J.: 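Take a look at the following structure, please.
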Amino acid sequence: MEIPLAQEVIFGLVIGSYIALGAVGFTLVYGLVNMINFAHGEFITIGAFAGYLAVVVAGLPLPVGILVALVATAVVGWGIARITFEPMNETGAVPLLMMSIGLGFVLRNGMRVIAGPSSRRVRLDVATYRFDDLGFFVTSQQLLIIGLALAAVVVMHLFLSRTMLGIAMRATSDNEDLALVSGIDTRRIRNAVWLAASGLAGVAGVMLALSQGANPTTGFGQLLLIITAAILGGAGSPYGAVVGAYLLGIGITVSVEFLPSGLTELNATMAFVVLIVVLLIRPGGIVNTEVRTS
Amino acid sequence: MNENRTSSRDSWADRRTFLKATGTGVLATGLAGCIGTEDGDDGDGGDDSDGGTTDGGSSPDSVTFGQPASLTGTWDFLQPAASAATDLAVQEINDAGGPLDAELTVDRQDTAVETQQARETVRQFVNSGDVAAINGLFSSEIEPLWDFLQDQEVPIVTPWPGSTFLDTRGGDKGTDDMGDDEWLWRTVIGDTVHTSGAARGMLDEAGIEKMAILSATSAGEQGWTEQFTDWYEQLGGEIVKTVTAQEGQASYQSQLNELFESDFDAWALSFALEDAITIIQNWSDGGYGGQLLMEDGLRDTALIDEVGETAEGAWIAAGSTQGPNYDQFQSSYQETSDEDLHTWAVAAYDATNVLALAVHHAGDTSPEAVQQSIGDISRPEGTTVTTFAEGKDALDNGEEINYEGAVTDTDFTEHGNVWGDVVVERITPGGFETEFTIPADELKEEIDEY
């Protein structure tokens, strides 16, 4: 017996996985550094190129390539933040926002100059597992992407809940002044946030290099969905961002099934309809309250 | 309770701050795209320049063509070959002494295939007074700028646009009266021709009577889809489903799944290259099967490099890339450039030669004279020539000429369009192999006005 919409939900989980890792990093930076980083998409792009270089050019196995991309993007992202954002940390959200927009342009076009416009893909041998009686199939690449995202979320959860640094990050996110007087080194926390957010962006980049290839706009193309997932889940909440990302992903794919022929391109629009409805009903996002009170 | 209320209020404040800052960012990003491009209409309109550096009818020192180019943006992967082909034509023209015995140069400016940037570029070309004619512009630039381009009254011969918008616009209307001229000509076969050819090929040659289409929403891809659907249904076929999708997605599996819920004999794909590669990978991973037909814009060696094996057996329908002078052109091109050759690059070579011969025929670089000469040097009457050197010699001997190009025979219709055969090719890991050809003469019977 076929399970209704099972196939669409699987596709949605894949798309949600791409968005989730980007959205978690984005929302961590918002929650702890108190800035909207419009250059976050470019951090993802750096991860995509790092993954391509590690796996295709250097010939490393994929797991090693993912690790290389994670570390490389974390270090590069942290370095960029140290040079550009940290010196103007006290200037407020809007100057930081403008800086991130400018930085995004520079990075995007810089990568275009260096790498050219065309995509570089990371190829995998893909196996397809068919469950025709249940009405769906799943590929090894899809399982890898979903598994990678879930593993990253679990690691993030353990980090935030079981380590002193993670707990200090949550404390700083809730109230930076209180964290400061409690003896938490908020500068160290910000460094950790940039490393974590950029590292997660690097993993998201590798996943995108697997599916659509690494090109100068790989990450920028996902930015709107990432911001939407962050808002949907509750800005500043990494758990909310994960939930928001998967809701968006499933919303995007399931709506294709219900839209009339010739209007299926509105599937992404339907995801934003979900966002509007959620914000009207629950202005704090999906899990914002729970996270704040925890 | 108080803590909770405070927390809730903070949360509200945080959200308001977040949304406000995000909104500011989006606004700033939007503004950044507009800075330096919007300029109102003041100063538009005809320019008094006579184009080129001629002075009072004497032979100029140099002749310059403006080339709006896709140096950046979505279509920038097409520009290197087009630039190389243009430069090859310029080199050959100058080796033959140049139009009016002057040195030909090309002023290449980036438009990123964006309307406002294209408008500014054309305005700069015209206002500079140094440009005798323009060699370039894409469909998505021409359509919104049509009235503006007509106001400039400068001849434009472009290798890019397939748009049906130009089927009844452009050219000299086959008359000597300048009053009905529309200043734009194209050296590439229009979408009407190759979509009708593709539709006829599917029905008559392949016997495919039911099709589905997966299409992007961009103007070019949507246009192809609408044209193909119209022709296919007009000729008796049935499009059972059309699934549309926005470009730039990480996966198109849900769209493919929706498409393949219908029953059809073959499916067509109308997307730009990078997305098409993703879709073909998704199609292969999902094991959907079926005969695939791709739009002409995907005829690129990058497609073979990326998915030549995956898409083996798929078809691609495109206007013939090989006109009367193709072999000669290709030989010269391979000596000067490593860039992967495509139809538009060959058409850019033709456009440059057409304009140079028109200038030489005109005897000066005034826009009116060049515009009036384009039809004269390219239509069937006169001595057939395939290079600028041959054409210049013939013109200097007082003969009328008929330039035949590398991509088509360049016999412009009254609307400034060219005809060509439509070829359906099969994709193999090694390249494209001709499956069947639909001659242009057959298509002329179907197309009333072009």
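Not measured: the values here are computed from a predicted model. Chain naming here is simple, since letters A, B, ... match the order of the sequence lines and numbering starts at 1 in each.
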J.: Would you mind checking which part of A:Val14 comes under 4.5 Å of any heavy atom in chain B, side chain (CB onward), backbone (N, CA, C, O), both or neither?
T.: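 For A:Val14, there is no contact with chain B at all, as no heavy atom is under 4.5 Å.
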J.: For the pair B:Ser254 (side chain) and A:Glu8 (backbone), establish whether a donor and an acceptor sit closer than 3.5 Å, ignoring hydrogens and angles.
T.: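 Side chain of B:Ser254 to backbone of A:Glu8: no pair is present.
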J.: How many angstroms lie between CZ in A:Arg121 and CG in B:Asp305, if you round to the nearest 0.5 Å?
T.: 12.0 Å
J.: What's the verdict on side-chain contact (heavy atoms from CB on, under 4.5 Å) for A:Arg112 and B:Asp76, showing C-alpha distance, side-chain angles and the deciding distance?
T.: CA-CA 11 Å; A:Arg112 180 180 286 277; B:Asp76 58 1; 2.4 Å; yes
J.: Between CG of B:Asp275 and CD of A:Gln212, what distance do you get to the nearest 0.5 Å?
T.: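 The distance works out to 7.5 Å.
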J.: Contact part of A:Leu210 toward chain B, heavy-atom cut-off under 4.5 Å: side chain, backbone, both or neither?
T.: neither
J.: Is B:Leu273 in contact with chain A via its backbone, its side chain, both, or neither, using a 4.5 Å heavy-atom distance?
T.: neither
J.: For the atom pair CD (B:Gln255) and CD (A:Glu257), what is the distance rounded to the nearest 0.5 Å?
T.: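 It is 11.5 Å, given to the nearest 0.5 Å.
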J.: Tell me, side chain or backbone of B:Glu247 under 4.5 Å from chain A's heavy atoms, or both, or neither?
T.: neither
J.: Which atom names give the shortest non-hydrogen contact between B:Thr278 and A:Ser211, and what distance separates them?
T.: CG2-O, 3.7 Å
J.: Do we see a donor-acceptor contact under 3.5 Å between the side chains of B:Thr217 and A:Glu265?
T.: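 Judged by distance alone, the side chains do not pair up.
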J.: Between B:Gln246 and chain A, which part of the residue has a heavy atom less than 4.5 Å away: side chain, backbone, both or neither?
T.: both
J.: Measure distances from A:Thr139 to the heavy atoms of chain B and classify the residue's part below 4.5 Å as side chain, backbone, both or neither.
T.: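 Only the side chain of A:Thr139 comes within 4.5 Å of chain B.
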J.: Could you tell me the separation between the CD atom of A:Gln7 and the CD atom of B:Gln253, rounded to the nearest 0.5 Å?
T.: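 The CD atom of A:Gln7 sits 7.5 Å away from the CD atom of B:Gln253.
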J.: Let me confirm one number: the CZ-CG distance from A:Phe136 to B:Asn257, rounded to the nearest 0.5 Å.
T.: 12.5 Å
J.: Distance check, rounded to the nearest 0.5 Å: B:Glu258 atom CD versus A:Ser255 atom OG?
T.: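 If I round to the nearest 0.5 Å, the distance is 10.0 Å.
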J.: Do other residues, nucleotides or ligands put more than 12 heavy atoms under 6.0 Å from the CD atom of B:Glu261?
T.: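 More than 12 within 6.0 Å, yes.
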J.: Out of B:Gly286, B:Ser215, B:Gly248, B:Ala245, which one racks up the most heavy-atom pairs below 4.5 Å with chain A?
T.: B:Gly286
